[in-house]
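Here the structure is laid out as structure tokens; the discussion comes afterwards.
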Amino acid sequence: MLIIGLTGGIGSGKSTVSQYFAELGVPVIDADQLTRQLVEPGQPALQEIFEQLGHELLTVEGELDRAQLRRRIFAHPEQRQTLEAILHPRAREAAEQQLSVLRASSPPPDYVILSVPLLIESGWSDLVDRVLVVDTPPELQRQRASQRDGLDAEQIDAVMQTQVDRDTRLAAADDVIHNDSDLATLRKQVEALHRQYLQLARSA
Ligand code: ADP
């Protein structure tokens, strides 16, 4: 079972690409989604966040106040590191567990997509056989991320600062999707890679 690590900056198009692979029947493990599950009420990681970053991040409903957390880590980069130290190892463990389940299924899939925004930055690269980068010009990234999330330019730039730059990401890529055109063009690139990955997996 081939493991393709999918990555790209904020607003580059990772979620859209993941969705296209999923529509082709490819299992997708999404680190962002795993992280969201880790901070659901009752999860040990959530308790640790409150203990280390403050109980004021707890809403009256007993949930994580995401908006406040986002503001907090924008203002205090060292708190972002604390948060990542709590979440990353757990997310990685959950991803490895899902990979084991897929590997043990019969038949196992030819390949899976492991989507990790910080694949290169946080040392998940050793989990994957190939790195697939969604490359998007920074201007388009900003525009798409702001339309999607309602973030302002300053907030988007703050996130981009925590991510490797475009050249570093491209240097780590085995395969690149260029997402500088329309969605139909994006889908065609995913379909071409799908054929390539199937061939690669079956010839291994
Ligand atoms: P990421 O997961 O990398 O942050 P998304 O896949 O959520 O990025 O894409 C960001 C936004 O841009 C989404 O609203 C998505 O629908 C839109 N988008 C992505 N690619 C294109 C494209 N080629 N043309 C138009 N909109 C796009």
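Just so you know, ligand 1 is whichever comes first in the structure, and atom 1 is the first atom listed for that ligand. This chain uses plain numbering: 1 for the first residue, then up along the sequence.
Heavy-atom separations between G8 and ligand 1 are all 4.0 Å or longer. Residue G9 places a heavy atom less than 4.0 Å from ligand 1.
The neighbour count for E93 CD, taken as heavy atoms of other residues, nucleotides or ligands under 6.0 Å away, does not exceed 12. Summarising the local packing, CD of E96 is surrounded by more than 12 heavy atoms from other residues, nucleotides or ligands at distances under 6.0 Å. For E56, the CD atom is densely surrounded, since the number of other residues' heavy atoms within 6.0 Å is greater than 12.
In terms of polar-atom proximity, I10 is not counted as a contact of ligand 1, lacking any N or O under 3.5 Å from an N or O of the ligand.
Distances from atom 19 (C) of ligand 1 to the heavy atoms of V159, D149, T7, N179 show the closest one on N179. Comparing heavy-atom distances from atom 1 (P) of ligand 1 across R148, R144, Q143, Q147 singles out R148 as nearest.
Considering only non-hydrogen protein atoms, atom 8 (O) of ligand 1 sits nearest to G13 N, 3.1 Å. Here the protein heavy atom with the shortest distance to atom 16 (O) of ligand 1 is T16 OG1, 4.1 Å. Among protein heavy atoms, atom 2 (O) of ligand 1 sits closest to S15 OG, 2.5 Å.
Ring pair Y197/F21 is parallel by interplanar angle, where below 30° counts as parallel and above 60° as perpendicular.
When non-hydrogen atoms are compared, ligand 1 lies under 4.0 Å from the backbone of K14 as well as from its side chain. Contacts between A145 and ligand 1, counted as non-hydrogen atom pairs separated by less than 4.0 Å, are absent for every part of the residue. In V134, neither the side chain nor the backbone holds a heavy atom less than 4.0 Å from any atom of ligand 1.
Looking at T59, its side chain never comes within 3.5 Å of a backbone N or O of L64 through a donor-acceptor pair. At distances below 3.5 Å, at least one donor-acceptor pair connects side-chain atoms of D129 with backbone N or O atoms of I3.
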Check against side chain to side chain contact (heavy atoms under 4.5 Å, CB included), Q52 and E48: CA-CA 6 Å; Q52 294 198 30; E48 212 171 306; 3.4 Å; yes
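Atoms of ligand 1 found under 4.0 Å from any heavy atom of S181, numbered from 1 in the order shown, are 22 (C), 23 (N), 24 (N).
Side-chain rings of Y20 and H194 stay apart, their centers remaining 6.0 Å or farther from each other.
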